[in-house]
Amino acid sequence: MAESPAFESPVVRSYEFSSGGPLMLADASGTTKWLVRGEVGGAAADRMDAPFGSSRAAGGGACVLGSRPGEWIVVGPADAVAEVVASLDGLDPSEFVTAIDWTHGRALFLVAGTDAPRMLEKVCSLDWSDAMTPDGAVASASVAKVICDVARCDSDGTPTYMIFCDRSFGQYLFDALIDAGEEFGLAVGLPNG
């Protein structure tokens, strides 16, 4: 894999950061993200092992998200993501598989806290109840009128959501999430990239 240029966050405004609170929003856009596409039911699907609408831990901190039929997002530390993507090497050449580094093209925000589902209800029409979007669920939806991929990945029992969108909408969506979380005491955490 080629060396990527230095990462620049799509969130360019300055914010007062907090190290904790009941509801947190953080810019995690610098996290390594790859898009993998392959045939539904093909060898890539077997290797990704995350059916549409679900996710799985892939070791080393990487996570595979079944974002659409025949499409997966691999997210996490660079080395762990590279290992998952490299596992696609050696597939039958007749099977069409693509893997694209999305790190610079997609924003990624983390929303965590017990009020995260209530906050997301303000900007997205999905049912955020545990029955409909349990830990490990993956969906595509409009969040504040931006097409996003959303994955629930709880941390120590706290509802936690990864929200992916095109980089060009990053600043707008980050501000919309801040606005939606204000009534719940939202705090902005330090960015990772």
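Judged by distance alone, the side chain of Glu39 and the main-chain N or O of Gly70 form no donor-acceptor pair under 3.5 Å. With hydrogens and angles disregarded, a donor-acceptor distance shorter than 3.5 Å links the side chain of Trp72 to the backbone of Ala50. Without hydrogens or angle criteria, Ser29 side chain to Leu108 main chain gives a donor-acceptor distance under 3.5 Å. Between the side chain of Trp128 and the main chain of Leu126, a donor-acceptor pair closer than 3.5 Å is present. Here the side chain of Lys33 pairs no donor or acceptor atom with the backbone of Val75 at under 3.5 angstrom.
When hydrophobic clusters are built by joining Ile, Leu, Val, Met, Phe, Trp and Tyr residues whose side-chain heavy atoms come closer than 4.5 Å, directly or via intermediates, Phe164 is not grouped with Val123. Taken together through direct or relayed side-chain contacts under 4.5 Å among Ile, Leu, Val, Met, Phe, Trp and Tyr, Leu23 and Val143 form part of one hydrophobic cluster. There is no path of hydrophobic side-chain contacts, each under 4.5 Å, that joins Leu110 to Val188. Placement of Val40 and Leu88 in two distinct hydrophobic clusters is found when ILVMFWY residues are connected by side-chain heavy-atom separations under 4.5 Å, directly or transitively. Cluster membership check: Val74 shares its hydrophobic cluster with Val97, using side-chain heavy-atom separations under 4.5 Å among Ile, Leu, Val, Met, Phe, Trp and Tyr.
In this structure, Arg152 and Asp130 approach most closely via the heavy-atom pair NH1-OD1, 2.7 Å. When all heavy atoms of Ile178 and Leu186 are compared, the closest pair comes out as CA-CD2, 3.4 Å. Across all their heavy atoms, Pro117 and Pro159 have their closest contact at CD-CB, 4.3 Å. Residues Gly60 and Ala80 approach most closely at O-CB, 3.4 Å, considering heavy atoms. Summarising the geometry of Val81 relative to Gly76, their closest heavy-atom pair is CG2-N, 3.4 Å, with the distance given to 0.1 Å. When all heavy atoms are compared, the tightest approach of Met24 to Ser18 is CE-O, 3.6 Å.
Taking CG from Leu120 and CD1 from Ile163, the interatomic distance works out to 5.0 Å, rounded to the nearest 0.5 Å. Here the CD atom belonging to Glu182 is positioned 11.5 Å from the CE atom belonging to Met119, to the nearest 0.5 angstrom. Taken to the nearest 0.5 Å, the CD atom of Glu121 stands 10.0 Å off from the CG atom of Asp115.
The shortest side-chain heavy-atom distance between His104 and Glu8 does not fall under the 4.5 Å cut-off. Contact check for Leu25 versus Phe174: side-chain heavy atoms found under the 4.5 Å cut-off. For the pair Cys148 and Leu173, the minimum side-chain heavy-atom distance is below 4.5 Å. Residues Val11 and Phe109 form a side-chain contact, since some pair of their non-hydrogen atoms from C-beta on lies under 4.5 Å apart. The shortest distance between side-chain heavy atoms of Val146 and Tyr172 falls below 4.5 Å. With a 4.5 Å cut-off on side-chain heavy atoms, Met162 and Cys153 count as touching.
In the displayed structure, Lys145 atom NZ is contacted under 6.0 Å by at most 12 heavy atoms of other residues, nucleotides or ligands.
Between the side chains of Ser168 and Asp166, no donor-acceptor pair of N or O atoms lies under 3.5 Å.
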side-chain hydrogen bond (donor to acceptor under 3.5 Å, both in side chains) for Ser129 and Asp127? Distances and angles first, verdict last. CA-CA 6 Å; Ser129 68; Asp127 181 345; 2.9 Å; yes

Begin with the C-alpha distance, continue with both residues' side-chain angles, and end with the deciding distance and a verdict on side-chain hydrogen bond (donor to acceptor under 3.5 Å, both in side chains) for Asp154 and Thr160. CA-CA 5 Å; Asp154 292 357; Thr160 304; 5.0 Å; no

Run the side chain to side chain contact (heavy atoms under 4.5 Å, CB included) test on Val138 and Phe52 for me, step by step, so that the C-alpha distance in whole Å, both residues' side-chain angles and the decisive distance to 0.1 Å come before the verdict. CA-CA 8 Å; Val138 179; Phe52 168 56; over 6 Å; no

The test is salt bridge (Lys or Arg N to Asp or Glu O under 4.0 Å); show your working for Arg106 and Asp101 and say whether it passes. CA-CA 10 Å; Arg106 299 283 282 178; Asp101 186 347; over 6 Å; no

List the steps, then state whether side chain to side chain contact (heavy atoms under 4.5 Å, CB included) holds for Cys63 with Leu65. CA-CA 6 Å; Cys63 188; Leu65 312 172; 3.6 Å; yes

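For the side chain to side chain donor-acceptor pair (under 3.5 Å) condition, the pairs that include at least one residue of residues 45-69, sequence neighbours left out, are Arg68-Glu71, Arg68-Ser140, Arg68-Asp149.
The cationic atom of Arg167 (NZ for Lys, CZ for Arg) lies less than 6.0 Å from the six-membered ring centre of Phe7 and within 45° of the ring axis.
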